[in-house]
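Structure record follows, encoded as structure tokens.
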Amino acid sequence: MPKHPAPSVHRHTLTGIGFTVLACACFSILDTGSKYAGALLPLLMALWLRYVLQSALTVGFGVARHGLDIFRTQRPGFQLLRAILFCMSNALAMLSLRYLPLAEFTAIVALTPLALTLVAAVWLRQQVSPLRWVLVALGFAGTLVIIRPGGMQFSGWALVWPALQLAANTAYQVLSSRMAGKERPLTTQIYTSLLALSVTCMALPWIWQLPNTAALWLAAIAMGVGSTVGHLMLLKAYEKAEPATITPFLYSQIPCALLAGWLLYGHIPDQWAVLGMAVVALCGAASAWLSMRESR
């Protein structure tokens, strides 16, 4: 007689999926706040405001849960490098959002799993199956459908900044994967927030400019809270369910970004952009699923 999963396992899986979708909604709130604040404040000032709130909330949660032991790390050099890449990725994301609508930007960021395949093949010299190369090619084609280079909306810096952000985010993910299992995830989150805050603090004498409207303060709060809660939700999701179960639902950030862009900026992607987003999401989810299957 076939075995059926225990009700508690099924319940935990559904909880993990729920946390994942909530995390993606939070990341859309983060990007929405970043798009608004990044357009009206100096770039590093906007990042500093995000990191102040993010650090306070993350450290407070970590200390409340684990005490001062949460600060114990065996790899300070890796933590510093991760924080620098995190800061670079965030800065390039803000620059990208000055030119791109939320949904299109989110879809381009969703290329990261496919970019990791290229890194694995070219830099890490890993064997890549023909199916993976097909997924990379389709994902790239989906991106071209979204941005249609040379068009009125996607030219110049609107193409350069997202490409650089994708490169920085891919490097950040590679380093994060190398650290997986070697540090407590919450410890890494704390150090990433604090070190990124320290990096932006060095620029404060030259860029100090507090928000001067309620909308700007709301955008700054959205950045800090969206990032903190989103990452904590992901940690909870991985506690409840397997990564192979969770990964496809990470692409729920694309419809969340589409909804946020429509509600706040009145932007509705055309049918070709929506088609490209669907292709990128399906290829990225399939690539992530293959990674999980091959690691077993």
Side-chain angles (χ1 to χ4, degrees), residues 21 23-41 43 46-47 50 85-116 139-173 219-220 222-227 230-231 234 249-285 288:
V21 175
C24 289
C26 288
F27 292 143
S28 293
I29 292 172
L30 159 65
D31 288 340
T32 303
S34 297
K35 183 174 179 64
Y36 188 82
L40 299 176
L41 290 173
L43 181 66
L47 287 175
R50 168 186 169 177
L85 289 172
F86 179 71
C87 210
M88 288 176 57
S89 178
N90 294 163
L92 291 165
M94 279 194 176
L95 289 170
S96 300
L97 284 166
R98 290 180 179 178
Y99 298 92
L100 295 180
L102 284 168
E104 282 84 343
F105 167 76
T106 303
I108 293 172
V109 174
L111 278 173
T112 301
L114 303 177
L116 289 172
F140 181 69
T143 305
L144 292 180
V145 171
I146 295 170
I147 63 178
R148 277 155 285 173
M152 291 182 61
Q153 191 172 9
F154 300 105
S155 59
W157 291 114
L159 294 177
V160 174
W161 294 131
L164 292 175
Q165 197 280 334
L166 180 62
N169 191 41
T170 300
Y172 170 77
Q173 296 297 338
M223 288 190 295
V225 174
S227 181
H231 284 103
L234 268 188
F249 291 92
L250 291 173
Y251 290 90
S252 62
Q253 187 174 345
I254 294 178
C256 287
L258 198 156
L259 178 62
W262 172 59
L263 289 176
L264 295 176
Y265 298 102
H267 174 75
I268 301 176
D270 62 25
Q271 66 271 24
W272 289 107
V274 172
L275 174 63
M277 291 175 198
V279 170
V280 169
L282 289 173
C283 290

Return the orientation label for the F27 and H231 ring planes: parallel under 30°, perpendicular over 60°, tilted otherwise. perpendicular
Verdict with reasoning, M88 to Q165, per side chain to side chain contact (heavy atoms under 4.5 Å, CB included): CA-CA 8 Å; M88 288 176 57; Q165 197 280 334; over 6 Å; no
To the nearest 0.5 angstrom, please state how far the CD1 atom of I29 sits from the OG atom of S34. 11.5 Å
Can you name the closest pair of heavy atoms from L234 and A23 and give their distance? CG-CB, 3.9 Å
Supply the atom-to-atom distance L47 CG to F86 CZ, rounded to the nearest 0.5 angstrom. 9.0 Å
Taking atom CG of L85 and atom CG of N90, what is their separation to the nearest 0.5 Å? 10.5 Å
Could you tell me which non-hydrogen atom of L100 sits nearest to which non-hydrogen atom of P162, and how far apart they are? CD1-CG, 3.3 Å
I want to check something: taking the side chain as every heavy atom from C-beta on, are R98 and K35 in contact at a cut-off of under 4.5 Å? no
Minimal heavy-atom distance between A222 and G33, with the atoms involved, is CB-CA, 4.3 Å
CD1 of I254 to SG of C24, rounded to nearest 0.5 Å, is 9.5 Å
Heavy-atom distance under 4.5 Å between the side chains of V109 and L166, does that happen here? no
Measure across H267 and E104 and return the closest heavy-atom pair with its distance rounded to 0.1 Å. NE2-OE2, 2.9 Å
Determine, stepwise, if the pair L102 / L258 fulfils side chain to side chain contact (heavy atoms under 4.5 Å, CB included). CA-CA 7 Å; L102 284 168; L258 198 156; over 6 Å; no
Partner of L164 under side chain to side chain contact (heavy atoms under 4.5 Å, CB included), picked from L95, L92, N169, is L92
Which value, rounded to the nearest 0.5 Å, describes the distance between D31 atom CG and M223 atom CE? 11.0 Å
Roughly how far, to the nearest 0.5 Å, is CZ of F105 from CE of M94? 10.0 Å
